[in-house]
Amino acid sequence: MTDDVQWQPVDENWQRGLAIVAHPDDLEFGAAAAVARWTGQGKDMVYVLLTSGEAGIDAMDPDEAGPVREVEQRASAEIVGVKQVEFLGLPDGVIEYGVTLRSVLARVIRVHRPEIVITNNFRDSWDPDGAALNMADHIATGRAVLDAVRDAANRWVFREQIDEGLEKWGGVRQVWAAGSPQAKHGVDTTATFDLGVRSLEAHAAYLRGLGSGDFDAEEFLEGFARQAGSKMGTKYASGFEVFRFDLY
């Protein structure tokens, strides 16, 4: 996380949110409790996953793992009040940053027209010291999300989408990266922490493949949620690095 400076609360004055991440389970490792808070406020949330996480279970062939993980992700999203989950079908483990990915994500943003976009940490590591390295899929996805937000607002970028009938969308006010070591904002998840735990536990096949197979979702999430909560003056919280597009 960041230093001892207290975090500021994120702006919750919005209605339409879009979460774009690389894999099933990415949102559940810390952000799902925040999503549960927002759906509980009546906000509309959509999940878009670049891959089906088919390369994420060592003991299961990708052809089998992908469909299993899609089912688990839909069940997980349901627990925190998200009804719409989309999978883009990109290959797990080898997502490439570039114009092609920006185009795919700009289309998603133009279709869903969110005010807030959420993605995962895309810094090189999960900790300020750089010891806990992030993975390439997360880094490529998050960086492309930032660029795609700008792309979606420019009618002359990926204009074939405009010609097809989509409209440009410049209504994204902020992008929030969950779990960033440079987080300076957060949200109180004390009331929805249990829902976040249940949403992670819904990824049962994936969690069985972690380590010795005795992964404790509640214990794992509680450690990070308490640390974030200490930055917010609450029992539990989720932290976000905020990128603003509403400065002009």
Side-chain angles (χ1 to χ4, degrees), residues 1-14 17-41 43 45 47 76-77 79-82 115-135 138-139 141-142 145-146 173-203 206-207 210-211 215-244:
M1 296 294 179
T2 56
D3 55 26
D4 293 331
V5 175
Q6 290 295 107
W7 289 350
Q8 298 297 311
V10 296
D11 179 6
E12 294 184 301
N13 184 28
W14 52 275
L18 173 64
I20 304 175
V21 294
H23 316 105
D25 79 70
D26 280 353
L27 288 162
E28 286 68 46
F29 275 97
V35 172
R37 171 187 170 99
W38 296 322
T39 58
Q41 294 171 345
K43 302 184 192 306
M45 287 293 307
Y47 282 4
S76 175
I79 290 167
V80 295
V82 176
E115 300 163 80
I116 299 294
V117 174
I118 297 161
T119 192
N120 260 16
N121 170 39
F122 53 90
R123 298 297 182 179
D124 288 340
S125 68
W126 293 94
D127 65 312
D129 296 330
L133 293 178
N134 203 350
M135 68 170 296
H138 298 155
I139 294 170
T141 298
V145 165
L146 287 185
R173 291 156 40 196
Q174 299 181 4
V175 173
W176 300 345
S180 169
Q182 298 188 33
K184 295 181 181 178
H185 291 75
V187 59
D188 180 3
T189 57
T190 305
T192 54
F193 174 76
D194 290 343
L195 289 172
V197 171
R198 287 175 51 203
S199 73
L200 179 54
E201 290 175 339
H203 294 276
Y206 176 73
L207 296 181
L210 291 179
F215 178 84
D216 188 319
E218 182 173 7
E219 180 180 14
F220 179 89
L221 292 176
E222 184 174 23
F224 288 101
R226 282 192 181 276
Q227 186 177 7
S230 71
K231 302 287 188 180
M232 294 292 296
T234 62
K235 182 178 181 181
Y236 297 133
S238 293
F240 298 90
E241 183 177 2
V242 172
F243 299 86
R244 296 188 62 181

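When atom types are taken as modelled, the side chain of W126 and the backbone of P181 share no donor-acceptor pair closer than 3.5 angstrom. Under a 3.5 Å cut-off, the side chain of S125 and the backbone N or O of A131 do not form any donor-acceptor pair. With hydrogens and angles ignored, the 3.5 Å screen pairs no side-chain donor or acceptor of T192 with any backbone N or O of A36. Side chain of S238 to main chain of G30: a donor-acceptor pair is present (N/O by atom type, distance under 3.5 Å, no hydrogens or angles). Listed for the S230 side chain is a donor-acceptor partner under 3.5 Å among the backbone atoms of Q227.
Under the 4.5 Å side-chain criterion, counting only non-hydrogen atoms from C-beta, H185 is not in contact with W7. Counting only heavy atoms from C-beta outward, the side chains of F193 and E222 approach each other to under 4.5 Å. For the pair V145 and V117, the minimum side-chain heavy-atom distance is below 4.5 Å. Put simply, the side chain of H23 reaches to within 4.5 Å of the side chain of M135, judged on heavy atoms. Contact annotation: the side chain of T39 approaches that of V82 to within less than 4.5 Å [non-hydrogen atoms, C-beta and beyond]. At a threshold of 4.5 Å between non-hydrogen side-chain atoms, the residues V21 and T141 do not count as touching. K43 is not listed as a side-chain neighbour of R37, based on a closest heavy-atom distance of 4.5 Å or more. Annotation: side chain of Y236 is not in contact with side chain of D194 (no heavy-atom distance under 4.5 Å).
A salt bridge does not link D188 to K235: none of the charged side-chain nitrogens sits closer than 4.0 Å to a carboxylate oxygen. One finds a salt bridge joining R123 and E241 here, because a Lys/Arg side-chain nitrogen approaches an Asp/Glu carboxylate oxygen to under 4.0 Å.
Aromatic ring pairs are classed by plane angle as parallel below 30°, tilted from 30° to 60° and perpendicular above 60°; the pair W38 and W176 is tilted.
D216 CG to E201 CD: the interatomic distance, rounded to the nearest 0.5 Å, is 8.0 Å. Atom CG of N121 sits about 5.0 Å away from atom CG of N134, to the nearest 0.5 Å. Taken to the nearest 0.5 Å, the CZ atom of R244 stands 9.0 Å off from the CZ atom of R173.
The six-membered or imidazole ring of F29 lies near that of F220, with a centre-to-centre distance under 6.0 Å. Under the 6.0 Å cut-off for aromatic ring centres, F122 and F243 qualify, their centroids lying closer than that.
For the 3.5 Å distance criterion, the side chains of H138 and D26 qualify, holding a donor opposite an acceptor. S76 and E28 share a side-chain donor-acceptor pair at under 3.5 Å.
Across every non-hydrogen atom of A183 and G239, the tightest pair is CB-C, 4.1 Å.
Applying side-chain contact (heavy atoms from CB on, under 4.5 Å) to I79 and the options L200, V35, L195, V197 leaves one that passes, L195.
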